[in-house]
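Down below is the structure, laid out as C-alpha cells.
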Amino acid sequence: MTINVIKCLSQIASYLKVNPGKITLESSTAPTRSFNSTVITGFTSIIFQFLKESNCDITGLTGAEIRQWLEYCAVYILNADSAQSVEQILKELNDLLSSKTYLVAFQPSIADVTLFYCLHNIMANLSYLDKEKYLNVSRWFDNMQQDVSVRQKNKAVDFSTNYLTCVAPARH
Amino acid sequence: MAFGDLKSDKGVAALDDFLKDHSYISGYQPTQADIQTFQSLGKAPNAKYSHALRWYNHINSFAPAERTSFPGGACPMKTAAPTTAPGKAEDDDDVDLFASDDENDAEAEKIREERLKAYADKKSKKPALIAKSSIVLDVKPWDDETDMKEMEKRVRTIEMDGLVWGASKLVPVGYGIHKLQIMSVVEDDKVSVDLMVEEIEKFEDFVQSVDIAAFNKI
C-alpha cells in the first residue's frame, strides 16, 4: 500500500514543467533530489524548490495553508501503510471536502495537485461502494482528473454510478 | 428553470442532490450555468444542504468581473428533467374494457404518434452528454393465476438497441397476486420509455398494466 514517492515527485515536476533532476530514496521516506549541484532532502522542500524553479510564488496565508497540506501529504499519506490508516485519511478528507471545492481557497493549487498524485493509486483501487462512501473525495478527485495537465499519463479513474444504480436503484 | 423552483425547499434539495458528486453545474469548471443557477438561488442555501452550500460559497468567491468571463455551459438538468410523461398515469385509468378494438387501435395509434413526436422533439433538444437512465418498471398481471415466470421470460425477450434488462423480483400486492418489478438501463437517445412500456403491454395474456416505479438519470 506504500505510495511511490519518486513517481509522485516527478509527476509534480512535470506538472510544473521543471526538470525533476535526480531523485533518490535513501532513508525510508525522505527523498533526496540532486540537480545542478544543489542537493535537497525532504518531500515538501523538494516541491518548494520545484515551485521556485517554475517561478510560482506562494506566499501569505494561502502559502501557509498550502505548506500545511504538503506536510500532511508527506506525514500522513506517504506513510499510510495499512488499510486502516488509508481509511482514516479518506474519512478525514471526505469530511473536509464536504464544504470545499478545492483544498485551499477557491481554486486549484499545488496542494490539490500533490494530493491528487499521492491519492491516485488509492483512488484507482477503491471499490465502487467505497467511492460512494467517500463521495466528497470522489467528487474532488474526479474534478481534478479532468484537467489533462494534472492527470498526465495516469489512467482516469471511473466514478460512474452505473454499477451502483443496478445494485441500489433507490438511492440513484 | 433548471432545478425546479430554487426558492422552494424542493428545488434546493434537487440542486443539493446534483452537487453531491459534481463540483460545478456543467462540466468541470465554472460556467455561465453556475452563474445562472447562483443568481436564481439568490441567497445561501440552508446549512443542511451542505453540497449546495459548498457550491454556493465557491461561486460566491469569484469577483463579478471573473464571473462574466466564465464560458457558457449547458445545464444538464434543464432538459433532462422529468422524462416520464405525466399523462401516462391518466392513460392507465382510462382503459375502457368494453370499447371496440378498432377504436382502441386508432386511438392507440394516435397516442403513439403523439408520443413519438414528443419524444423526437425532446430528443432534438437534449444535449449529447446525457447518456443513460435507470428505470424500474412494475408489471402487473391480471390475476393470481398468471404465470409470473413466463411473464418475466416474455418481458425479457424485448430487445431494443440501447436497452439492458437488469435484476427483477416478485413483489406481493395482496390476495396472492404478485407484481413483477424489473430493472432496466436504457440509453436515452435510443430508447423511448413509452415505447418500451407499450412493447410490454403487448403481452396482453399476461400483462394488465405497466407502471414506471422509478426513473433515474445516471
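By convention in this document, chain letters (A, B, ...) are assigned in the order of the sequence lines, proteins followed by strands, and residues within each chain are numbered from 1.
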Inset, instruction - Could you look at A:S138 and say if it's the side chain, the backbone, both or neither that has a heavy atom under 4.5 Å from chain B? - result: neither
Inset, instruction - Find the distance between OG (B:S23) and CD (A:Q146) and round it off to the nearest 0.5 Å. - result: 9.5 Å
Inset, instruction - Mind ranking A:D147, A:N143, A:L97 by heavy-atom pairs under 4.5 Å with chain B and telling me who comes out on top? - result: A:N143
Legend entry - Distance (rounded to the nearest 0.5 Å) between B:Y28 OH and A:M144 CE: 13.5 Å
Legend entry - Derivation of the side-chain contact (heavy atoms from CB on, under 4.5 Å) call for B:N60 and A:F106: CA-CA 10 Å; B:N60 204 16; A:F106 293 102; over 6 Å; no
Inset, instruction - Search all heavy atoms of B:K20 against all heavy atoms of A:N136 and return the closest pair with its distance. - result: O-OD1, 4.5 Å
Inset, instruction - Please say whether more than 12 non-hydrogen atoms of neighbouring residues, nucleotides or ligands are located less than 6.0 Å from CZ in B:F203. - result: yes
Inset, instruction - Give a yes or no on whether A:R67 atom CZ has more than 12 heavy-atom contacts from other residues, nucleotides or ligands under 6.0 Å away. - result: no
Legend entry - Shortest non-hydrogen separation from B:H51 to A:R139 and the atoms involved: ND1-NH1, 3.7 Å
Inset, instruction - Decide if atom CD of B:E204 counts as having more than 12 heavy atoms of other residues, nucleotides or ligands within a radius under 6.0 Å. - result: no
Legend entry - Engaged part of B:H58 at the chain A interface, taking heavy atoms whose separation is under 4.5 Å: both
